[in-house]
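Keep in mind that this is a model prediction, so the values were computed, not measured. Chain letters run A, B, ... following the sequence lines, proteins first and then strands; every chain starts at 1.
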2 protein chains.
Amino acid sequence: MKLKSKSNIVFAVVAADAVCFRIINEKLHVLLEKAPKYSPFPGEWALVGGMLHPRETAEEAVNRLLEERAGIKSIYKEQVYTFSKIDRDPRGRVVSIAYLVVASSNPQELKKADLETEWMTVKSIPKLAYDHNEILKNVLEKLKFNIFNTNIAKYLMRKEFTLSELQNVYETVLGKNIDKRNFRKKILSQDILKDLHKVRKEGVMRPAKIYIFK
Amino acid sequence: MKLKSKSNIVFAVVAADAVCFRIINEKLHVLLEKAPKYSPFPGEWALVGGMLHPRETAEEAVNRLLEERAGIKSIYKEQVYTFSKIDRDPRGRVVSIAYLVVASSNPQELKKADLETEWMTVKSIPKLAYDHNEILKNVLEKLKFNIFNTNIAKYLMRKEFTLSELQNVYETVLGKNIDKRNFRKKILSQDILKDLHKVRKEGVMRPAKIYIFK
DNA sequence: GCAAAAGTGTTTCCGGTACACCCATGG
DNA sequence: CCATGGGTGTACCGGAAACACTTTTGC
């Protein structure tokens, strides 16, 4: 590699961190892992992240890391921001590209992995290693923006869902309640859903219509 | 530095590239430099960019590079996107953080530098070295978004300006014409300008009122 | 009086928001 | 008949866009 400078300086190196979301019980969860013993923050919770391999892009690194650490396949991925503060990693100069990721909500696609990983609700995130709380905050803002400005909701939902379930997901992402009539009017007017003309009966209430994303 | 892997692999390193804008004659210009002889693209036009020093953030690197190469002080700076394709630099694995920068429009603050640099209108950008055309495209999109959604126009204008001049800047940034009445209504309703109650006489037409940003 | 840019209002449409009641079902 | 969530409509407001003529000046 010809990038070493003459003055013996080593350049900053590149990592990727994944803020990986998933809806569990209609609540927004984030994937965290316990930082290993030999790391600067042994035992503390951290986002899933690591160095880019020499022959992979940042996106590929995110895919690999999630697969390695928690057996997760991402179904949506989007670069959010790159963090380059000098001392963000005590071991050396590491610049980190942060990604917003949505994991499949299909339970079969989640296997138990070697490392300790856990899905935590966004309301209960502890203090994280490195600058990961700041990264999480940035990515969460992006998710809130995206939920009403892109089709990301498609990746947070199961294939078939009711409008109430969809609204619950919006509410857990935004962290606030939405008026039911306005929500339905807005979603339906966007012409992104398909009415399957099926209903889901659940307990003692009126059955709900089933939709899918187009 | 403890970041070298055991398997003798060298990690990707970090550069920053600046897409530096300036209004000249009410047209949007971008700062380019000729890539040096010893580079992979000798003599080709490129964005101003370079490796991060070990003790500087990406923003600081952008400041330094613009100062070194063209004597430019940036008055607005914003990270846009990080490019990590594997072969984007033929010399090795370089990941580049792209910045949207606005240079001072004050002519005195621009000195002639060693390297060949040139301000080119966005309409006349040639084929650039590396993936810099792609970077420019991304950053330009961001600028178009920002012009109506942030106060970036403040940094593109001289201190004192007329509404017609402001509108011209919006038009050169967006690459399209804007209705004069709608433009004035919108800008004035935002309460971001201050009427200096002065006029600028210029040639044979009605004098225009002078504004500044609040 | 004319050329050249400055300045000015009204109407229409659309998306966002506030707000309250009836419907279908199982027990 | 009742408890539970499913489902519906209207009115108001503010921002965006379309659109044409009068004003001020120097010559």
Which two nucleotides bound the region of DNA chain C that has atoms under 4.0 Å from heavy atoms of chain A, read 5' to 3'?
C:dG16 to C:dG26
State which residues pass side chain to side chain contact (heavy atoms under 4.5 Å, CB included) with B:E202; sequence neighbours excluded, sorted by chain then number.
B:R200, B:M205
Pairwise distance CG(B:L52) to CD1(B:I97) - rounded to 0.5 angstrom
6.0 Å
Quick one: list whatever passes ring pair (Phe, Tyr, Trp, His ring centres under 6.0 Å) with A:F213, sequence neighbours left out.
A:F161
Set of residues satisfying ring pair (Phe, Tyr, Trp, His ring centres under 6.0 Å) with respect to B:Y130, sequence neighbours excluded:
B:F41, B:H132
Which pairs with one or both residues in residues 180-189 of chain B pass salt bridge (Lys or Arg N to Asp or Glu O under 4.0 Å), sequence neighbours excluded?
B:D179-B:R181
Separation of A:L188 atom CG from D:dG9 atom P, in whole Å?
12 Å
Taking C-beta and beyond as the side chain, do B:I152 and B:V102 meet within less than 4.5 Å on heavy atoms?
yes
Show me, pair by pair, the donor-acceptor contacts under 3.5 angstrom made by side chains of residues 166-174 of chain B, not counting sequence neighbours?
from   : atom 1 : to     : atom 2 : distance (Å)
B:Q167 : NE2    : B:E171 : OE2    : 3.2
B:Q167 : NE2    : B:I178 : O      : 2.8
B:N168 : ND2    : B:E26  : OE1    : 2.5
B:N168 : ND2    : B:S164 : O      : 3.4
B:Y170 : OH     : B:I147 : O      : 3.4
B:E171 : OE2    : B:I178 : N      : 2.8
B:T172 : OG1    : B:L28  : N      : 3.0

Does any N or O in the side chain of A:R93 come within less than 3.5 Å of the main-chain N or O of A:S84, such that one atom is a donor and the other an acceptor?
yes
Contact check, side chains of A:M51 and A:V13, non-hydrogen atoms, under 4.5 Å
yes
Got a second to check how far A:L140's CG is from A:I135's CD1, nearest 0.5 Å?
13.5 Å
Which ones in residues 159-175 of chain B lie close to DNA chain C, meaning a heavy atom under 4.0 Å from one of its atoms?
B:S164
What are the atom names and distances for every N/O pair under 3.5 Å that joins the protein to nucleotides 25-27 of chain D?
from   : atom 1 : to     : atom 2 : distance (Å)
D:dT25 : O2     : B:V204 : O      : 2.6

Can you pull out every side chain to side chain donor-acceptor pair (under 3.5 Å) where at least one residue sits in residues 204-214 of chain B? Sequence neighbours excluded, please.
B:D191-B:K214
Which residue pairs pass the side chain to side chain donor-acceptor pair (under 3.5 Å) test with at least one member in residues 138-154 of chain B, sequence neighbours excluded?
B:E78-B:N146
B:R200 CZ to D:dT24 C1', in whole Å, measures 17 Å
Would you mind reading off the bend of the helix from C:dG1-D:dC27 to C:dG27-D:dC1 from its two end axes, five pairs each, to 10 degrees?
20°
Any side-chain heavy atom of B:V48 within less than 4.5 Å of one from B:I72?
no
Once each nucleotide of nucleotides 12-21 of chain D is scored for protein heavy atoms under 4.0 Å, what B/S/- sequence comes out, 5' to 3'?
----SBBBB-
Under 3.5 Å, is there a donor-acceptor pair between the side chain of B:R88 and the main chain of B:V94?
yes
Without swapping roles, check the side chain of A:R69 against the backbone of A:G49 for a donor-acceptor pair under 3.5 Å.
yes
